[in-house]
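Inspection log for the structure reproduced underneath, given as structure tokens.
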Amino acid sequence: MAPALLGCVLAHETADGLVAVELTEVEAYTGATDPASHAYRGMTGRNAIMFGPPGHAYVYFTYGMHFCVNVVCMPEGIARAVLLRAGRVTMGESLARRRRVPRRLADGPADRPPPAVPARDLARGPARLCQALAIDRTQNGLDLCSAASELRLRPAGTSAGPVPARTVEAGPRVGISVAVDVPWRFWLSGDPTVSAYRPAKSRAR
DNA sequence: CGTCGGATAATCT
DNA sequence: GATTATCCGACGA
């Protein structure tokens, strides 16, 4: 499922408008067989959506300030999902840019405005992807395959043409402290929107 | 360019 | 009480 999601488009339609992101980087989490998965030790309040029907959004809050979104991808009862790690904004770029709020809000009046965010960085990383698309707890559990849903996933390629041929690479997942060698991170080879963060948290002390 | 510390709170043990 | 599927700004090369 995970590499198959590369090139697919996730779109969120809100009162502010529409933002769409073409997925360029994902990670697979296989629940009961994966020590790094939120569902490894069974169902909890947070991960319940992972145990539900496929095609739904599993959104979680982490590090006290960030949201990340997954696509549930196995039948009801089997908790497996794909984390959406990065993408390229294809629609609503100005809206996505407006949603990126600078971290320092309490600056003196003489301060210059913060530098503009490069377009390639708007959805580069799982929390930034959610920020560009305005995804938070409100979207947890939504059916991504329903035409009536505000948050929709559509297949790769467009009505104007087929899926462009691209190379997929695989490697270890990011930011986890167990199962660090399992190569379940997938990305489009050479794509500039793929996240380039340190492979593991340097919290050794 | 790379590396590092800090922010910040829900979730789980 | 510890950990966390992260990001940003500062600093040094």
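Per chain, numbering begins at 1; letters A, B, ... match sequence-line order.
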Open item on the list: Rounded at 0.5 Å granularity, tell me how far NE2 in A:His66 sits from OH in A:Tyr60.
Closed with: 10.5 Å
- [ ] Determine, step by step, whether A:Val178 and A:Tyr40 satisfy the side chain to side chain contact (heavy atoms under 4.5 Å, CB included) criterion, reporting the C-alpha distance in whole Å, the side-chain angles of both residues, the deciding distance to 0.1 Å, and the verdict.
- [x] CA-CA 12 Å; A:Val178 292; A:Tyr40 182 57; over 6 Å; no
Task: Spacing of A:Arg46 atom CZ relative to B:dT11 atom P, expressed in whole Å - done: 7 Å
- [ ] Take atom NE2 of A:His66 and atom P of B:dG6, then tell me their distance rounded to the nearest Å.
- [x] 16 Å
- [ ] Report yes if a side-chain nitrogen or oxygen of A:Arg100 is closer than 4.0 Å to either non-bridging phosphate oxygen (OP1 or OP2) of C:dC7; otherwise report no.
- [x] no
Task: Side-chain N,O (A:Arg124) to OP1/OP2 (C:dC7) below 4.0 Å - done: no
Open item on the list: Under 4.0 Å from OP1 or OP2 of C:dA5: is there any side-chain N or O of A:His38 that close?
Closed with: yes
Task: Working for side chain to side chain contact (heavy atoms under 4.5 Å, CB included), residues A:Val174 and A:Arg185 - done: CA-CA 8 Å; A:Val174 172; A:Arg185 174 180 177 227; 3.8 Å; yes
- [ ] On DNA chain C, check which nucleotide each of A:Ala127 and A:Ser177 is closest to and give me the residue with the more 5' one.
- [x] A:Ser177
Task: Between C:dA5 (P) and A:Asp34 (CG): distance, integer Å - done: 11 Å
- [ ] Give the stems involving DNA chain B, where a stem is 3 or more consecutive Watson-Crick or G-U wobble pairs (i with j, i+1 with j-1, and so on) under 3.5 Å.
- [x] B:1-7 with C:6-12, B:9-12 with C:1-4
- [ ] Could you tell me which residues satisfy salt bridge (charged side-chain N to carboxylate O under 4.0 Å, His left out) with A:Arg97, sequence neighbours excluded, listed by chain and number?
- [x] A:Glu93
TODO: Considering just the side-chain nitrogens and oxygens of A:Arg185, establish if one lies under 4.0 Å of OP1 or OP2 belonging to C:dA5.
DONE: no
- [ ] On the 0 to 90° scale, with breaks at 30° and 60°, tag the A:Tyr58-A:His38 ring pair as parallel, tilted or perpendicular.
- [x] perpendicular
Open item on the list: Considering every strand and a 4.0 Å limit on heavy-atom distances, what is the contact class for A:Phe61: base, sugar-phosphate, or nothing?
Closed with: sugar-phosphate
TODO: Would you confirm whether A:Ser37, through its side chain, and A:Gly31, through its main-chain N or O, come within 3.5 Å as a donor-acceptor pair?
DONE: yes
Task: Protein-nucleotide distance (A:Ile176, atom CD1; C:dT6, atom C1'), rounded to Å - done: 14 Å
- [ ] Could you please name the option among C:dA5, C:dT6, C:dC8 that lies closest to any side-chain atom of A:Tyr58?
- [x] C:dA5
Task: 5' priority, DNA chain B, between A:Met65 and A:Arg137 [closest heavy atom] - done: A:Met65
Task: Contacts of type salt bridge (charged side-chain N to carboxylate O under 4.0 Å, His left out), residue A:Asp16, not counting sequence neighbours - done: none
- [ ] Could you tell me the separation between the CZ atom of A:Arg41 and the P atom of B:dT11, rounded to a whole number of Å?
- [x] 18 Å
- [ ] Among the candidates C:dA5, C:dT6, C:dC8, find the nucleotide nearest to the side-chain atoms of A:Val174.
- [x] C:dT6
Task: d(CG, A:Leu122; P, C:dT6) in whole Å - done: 19 Å
Task: Check: A:Tyr60 side chain, C:dA5 base, donor-acceptor under 3.5 Å - done: yes
- [ ] Grab the CD1-P distance between A:Ile49 and C:dA5 for me, whole Å please.
- [x] 18 Å
- [ ] Say whether, by atom type as modelled, one donor and one acceptor occur between the side chain of A:Asp121 and the main chain of A:Pro118 under 3.5 angstrom.
- [x] no
- [ ] Indicate, with a heavy-atom threshold strictly under 4.0 Å, whether A:Ala36 touches base, sugar-phosphate, or nothing.
- [x] base
Open item on the list: Without decimals, in angstroms, what is the distance between A:Tyr40 OH and C:dT3 C1'?
Closed with: 17 Å
